[in-house]
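What you see is a predicted model, and the numbers here were worked out from it, not measured in a lab.
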Amino acid sequence: MLRAERVALRARRVTDVPILHSALYDDIATRLQMDVRPWRPLPVDESPYHPRTDDDARAVFTVTEVSDDAPVGAASLWGIDSHNRLGHLGMSLLPQYRGRGYAGEVVQLLCRYGFELRGLHRLQLETLADNVAMRKAAATAGFGEEGVLRRSAWLAGEFVDEVIYGLLADEWHPG
């Protein structure tokens, strides 16, 4: 388990899936903000939140509060390329846990995992241009804005911009 001051990242459990699926997948508006792939109705037994251990290119975590083991969100390092030593990070918090400053701690923990434990050289994240919370969390963790993909994501009937952020291992400052 990786811990920060208020949140922790732990392995995803099967018991987390119904909570994450209901709050992050079945809530279409939330899902569209965190994933540019099209939403389609899925039963909980087919949820993308099911833990997988057979994929070295992806590390999935459940976000919890340090004081409680209950899920408050999901986080992952995905698209891990061991040859080029890079990966992408992503996260989403359950609605009732947003606005508490947890996102910055989650991003820092994902950086710790990627840089210190996986030996990656570069981490990248992509977010919608209007996702102020994720953009702030990225900047606070030291990520630099590297570019805008103009009208690259289809969101609820229109194309919107995505912003790319990057951080190199030697630029990262823990905490």
Side-chain angles (χ1 to χ4, degrees), residues 1-42 44 46-52 58-80 87-115 117-118 123-143 145 153 155-156 160-167 172 174-175:
M1 179 180 294
L2 297 169
R3 294 175 193 261
E5 183 180 333
R6 297 175 297 154
V7 298
L9 301 182
R10 66 161 168 76
R12 178 81 41 82
R13 298 178 186 149
V14 173
T15 55
D16 299 337
V17 174
I19 297 165
L20 298 174
H21 187 82
S22 174
L24 300 178
Y25 189 84
D26 280 345
D27 178 348
I28 297 171
T30 294
R31 183 64 181 184
L32 292 176
Q33 287 290 316
M34 61 181 264
D35 195 329
V36 296
R37 294 174 292 186
W39 181 88
R40 60 189 179 96
L42 290 176
V44 73
E46 294 179 29
S47 176
Y49 291 100
H50 277 287
R52 294 181 219 137
R58 171 180 226 108
V60 297
F61 301 95
T62 294
V63 181
T64 67
E65 290 179 305
V66 170
S67 62
D68 185 0
D69 195 47
V72 302
S76 66
L77 205 60
W78 58 275
I80 299 170
H88 301 258
L89 60 89
M91 53 132 333
S92 186
L93 298 172
L94 279 62
Q96 63 269 32
Y97 294 98
R98 295 179 192 150
R100 298 184 186 187
Y102 288 176
E105 287 190 25
V106 172
V107 170
Q108 279 288 346
L109 289 172
L110 288 169
C111 288
R112 179 175 171 217
Y113 176 75
F115 293 137
L117 301 176
R118 292 294 293 257
L123 291 176
Q124 180 174 310
L125 67 87
E126 301 84 14
T127 190
L128 298 177
D130 68 351
N131 188 342
V132 176
M134 189 61 172
R135 294 182 73 174
K136 180 180 176 186
T140 300
F143 281 78
E145 185 176 321
L155 178 68
V160 297
D161 295 348
E162 287 182 281
V163 182
I164 300 172
Y165 287 87
L167 180 64
W172 180 60

Distance-minimising heavy-atom pair for Thr64 and Asp68: CB-O, 3.4 Å

Arg100 and Val7, any side-chain heavy atoms less than 4.5 Å apart: no

Validation row: Asp69, Arg10 side chains within 4.5 angstrom (heavy atoms): yes

Min side-chain heavy-atom separation Val107-Met134 under 4.5 Å: yes

Heavy-atom pair of closest approach, residues Ile164 and Glu126: CG1-CG, 4.2 Å

Distance, nearest 0.5 Å, that separates CH2 of Trp39 from OG1 of Thr30: 12.5 Å

Reported CG-to-CG distance for the pair Asp130 and Asp161, which is rounded to 0.5 angstrom: 9.5 Å

From CG (Leu32) to CG (Leu128), nearest 0.5 Å: 9.0 Å

CA sep, side-chain torsions, deciding dist, call: Trp78, Val60, side chain to side chain contact (heavy atoms under 4.5 Å, CB included): CA-CA 8 Å; Trp78 58 275; Val60 297; over 6 Å; no

Gln96 atom CD, over 12 foreign heavy atoms within 6.0 Å: yes

4.5 Å side-chain heavy-atom contact, Tyr165 and Val163: yes

Heavy-atom pair of closest approach, residues Leu77 and Gly114: CD2-CA, 3.7 Å

Pairwise distance SG(Cys111) to CG(Leu117) - rounded to 0.5 angstrom: 12.0 Å

Chi angles and distances behind the side chain to side chain contact (heavy atoms under 4.5 Å, CB included) call for Leu109, Met91: CA-CA 11 Å; Leu109 289 172; Met91 53 132 333; over 6 Å; no

Side chain Thr140, main chain Lys136, donor-acceptor under 3.5 Å: yes

Stepwise side chain to side chain contact (heavy atoms under 4.5 Å, CB included) check, Leu110 with Phe115: CA-CA 8 Å; Leu110 288 169; Phe115 293 137; over 6 Å; no

Check: Leu9 and Val63 side chains under 4.5 Å, non-hydrogen atoms: yes

Heavy-atom pair of closest approach, residues Val66 and Ala8: CG2-N, 4.2 Å

Any His21 side-chain heavy atom under 4.5 Å of Pro48 side chain: yes

Pairwise side-chain contact, Ile80 with His88, heavy-atom cut-off 4.5 Å (strictly under): no

Val17 versus Pro51, closest heavy-atom pair with distance: CG2-CD, 3.9 Å

Side-chain donor-acceptor pair present, Thr62, Asp16, cut-off under 3.5 Å: yes

Closest approach of Ala129 to Arg135 (non-hydrogen atoms, all atoms of both residues): O-NH1, 2.9 Å

Glu65/Tyr102 under side-chain hydrogen bond (donor to acceptor under 3.5 Å, both in side chains): CA gap, chis, key distance, verdict: CA-CA 9 Å; Glu65 290 179 305; Tyr102 288 176; 2.5 Å; yes

Exam field: side chain His50 to backbone Val44, donor-acceptor pair closer than 3.5 Å: yes

Stepwise side chain to side chain contact (heavy atoms under 4.5 Å, CB included) check, Tyr49 with Arg12: CA-CA 8 Å; Tyr49 291 100; Arg12 178 81 41 82; 3.6 Å; yes

Salt-bridge contact Arg112-Glu105 (side-chain N to carboxylate O under 4.0 Å): no

Donor-acceptor side-chain pairing of Arg118 and Tyr113 below 3.5 angstrom: yes

Reported OH-to-OG distance for the pair Tyr25 and Ser47, which is rounded to 0.5 angstrom: 8.0 Å

Electrostatic pair Asp26:Arg31 at N-O distance under 4.0 angstrom: no

